[in-house]
Amino acid sequence: MTSPAKGAPGQAGAILALTGPAYLWLTVAILLPLSAMFYFSFLSEAPLAGKTGEWTLANYRAFFEQGFYGTLMLRSLRLGAEVVFWCFVLGFPCALVLAKSVKGRWREALFLLVILPFWSNALVRIFSWTMMLRGNGILERAIDWVVPGRFRLDIMFTYEAVVIGLVHSYLPYMILTCYISLQAVQDDLIEAARSMGASRLTILRRILLPLSLPGILAGVVLIFVPVIGSFMEPRILGGRNGTFIGTVIEDQFTAVFNWPLGAALSFIMLGCVGVVFALSRLALGRRG
């Protein structure tokens, strides 16, 4: 019989063989590019095409000295919070129905509808919303057919259009993460609560929401982080009203070619997101 001490090296080698390629890929694809961008953020100009940049903190000082960047950061944080809120309001009931009400082939069909947006290119989805939200578009014509001459829907190039496009893009993440958590809630627990006289609202508030909190938080992270730095949806759907910190960072890399400033703004944005999640975790810990 092999003792645990003798088997430990072999087990560690197996774990390393299984997880090593994944960690190597993360190092090459994520850690090294981030390290390069962090290095660029402290230079006066990107060391490209034979140029040599000097060490400086001017890129980080620009964020604090120019109120424009701070305003855009707050606007982006607000956008992320609103998109997360609407994804939860729309996604949690859908996940609850999928997990506890629908069975068999109907569940498979609804799951197909949930993941269907992932089968098309993001640009296709965004430009489809331009045809829906513009004046005299598909949605306005449909409303005018039901209620002639009552409503004019022309919200293209507005903040609301950006929110609609982002909610449509990230809603499946909230549905899927909440569904996984709700599936783990035993039906016997819900039946026991009903037998003791608990109403549906009480079951939702005291059982389903607390037990599905890990899935909700996972959905919040998966949605909030990319929405803060999004630039494609705001640029296409928002027009002049679609200027956020993500669009400014994208301009620094593609239009202005000021990579050091773009890198500095990216890491400041990353730090702001980290502070938001740290405060949220602290508040949840105190509540728990």
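Heavy-atom basis, side chains included; hydrogens, waters and symmetry copies ignored. The structure presented is a predicted model; accordingly, all values stated were derived computationally and were not measured.
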Residue pairs, two or more places apart or on separate chains, that pass side chain to side chain donor-acceptor pair (under 3.5 Å) and touch residues 258-270:
none
Looking only at heavy atoms, which two atoms of Val221 and Pro226 are closest? And how far apart?
O-CD, 4.0 Å
Could you check whether any side-chain heavy atom of Ile164 comes within less than 4.5 Å of a side-chain heavy atom of Ile155, counting everything from C-beta outward?
yes
In chain order, what residues pass the side-chain contact (heavy atoms from CB on, under 4.5 Å) check against Gln66, with sequence neighbours excluded?
Ala62, Tyr69
Under a 4.5 Å cut-off applied to non-hydrogen side-chain atoms, are Ser230 and Leu166 in contact?
yes
Any residue meeting side chain to side chain donor-acceptor pair (under 3.5 Å) with Asp187, in chain and number order, not counting sequence neighbours
Lys100
Taking the side chain as every heavy atom from C-beta outward, state whether Met174 and Leu222 have any pair of such atoms under 4.5 Å apart.
no
Is there a donor-acceptor pair under 3.5 Å between the side chain of Ser44 and the backbone N or O of Glu54?
yes
Provide the full list of salt bridge (charged side-chain N to carboxylate O under 4.0 Å, His left out) pairs with a residue in residues 58-69, sequence neighbours left out, each pair given once.
Arg61-Glu65
Side chain to side chain donor-acceptor pair (under 3.5 Å): which pairs involve residues 202-213, sequence neighbours left out?
Ser199-Thr202
Report yes if the side chains of Thr158 and Leu133 come closer than 4.5 Å at any heavy-atom pair, otherwise no.
no
Pairs under 3.5 angstrom only: tabulate donor-acceptor contacts from the side chains of residues 13-32 to other protein residues two or more places apart or in another chain.
unit_1: Thr19; atom_1: OG1; unit_2: Ile15; atom_2: O; d: 2.7
unit_1: Thr27; atom_1: OG1; unit_2: Tyr23; atom_2: O; d: 2.8

Residue pairs involving residues 188-200 (criterion salt bridge (charged side-chain N to carboxylate O under 4.0 Å, His left out); sequence neighbours excluded)
Glu191-Arg194
How close do Pro260 and Ala46 get, counting heavy atoms only, and between which atoms?
CG-N, 3.5 Å
Not counting sequence neighbours, which residues clear side-chain contact (heavy atoms from CB on, under 4.5 Å) with Ala193? List them please.
Ala198, Ile203, Ile207
Donor-acceptor pairs are to be reported for all side-chain atoms of residues 78-93 against protein atoms at under 3.5 Å, with residues two or more places apart or in another chain.
unit_1: Arg78; atom_1: NE; unit_2: Glu82; atom_2: OE2; d: 2.9
unit_1: Arg78; atom_1: NH2; unit_2: Glu82; atom_2: OE2; d: 3.4
unit_1: Glu82; atom_1: OE1; unit_2: Tyr159; atom_2: OH; d: 3.3

Check each of Leu57, Thr56, Asn59 against Phe42 using the side chain to side chain contact (heavy atoms under 4.5 Å, CB included) test, and report the only one that passes.
Leu57
Side-chain polar contacts of residues 103-113 - donor-acceptor pairs under 3.5 angstrom, sequence neighbours left out - could you list them?
unit_1: Arg107; atom_1: NE; unit_2: Leu98; atom_2: O; d: 2.9
unit_1: Arg107; atom_1: NE; unit_2: Val102; atom_2: O; d: 3.1
unit_1: Arg107; atom_1: NH2; unit_2: Leu98; atom_2: O; d: 3.2
unit_1: Arg107; atom_1: NH2; unit_2: Ala99; atom_2: O; d: 3.4
unit_1: Arg107; atom_1: NH2; unit_2: Val102; atom_2: O; d: 2.9

If you look only at pairs with a residue in residues 230-241, which of them pass as a salt bridge (charged side-chain N to carboxylate O under 4.0 Å, His left out), with sequence neighbours excluded?
Arg235-Glu250, Arg235-Asp251
For the student: nearest non-hydrogen atoms of Phe157 and Asn241, plus distance:
O-ND2, 2.9 Å
Is the Phe40-Phe267 ring centre distance short of 6.0 angstrom?
no
Tell me whether the count of non-hydrogen atoms from other residues, nucleotides or ligands lying under 6.0 Å of CH2 in Trp145 goes above 12.
no
Any side chain to side chain donor-acceptor pair (under 3.5 Å) pairs touching residues 113-131, not counting sequence neighbours?
Trp129-His168
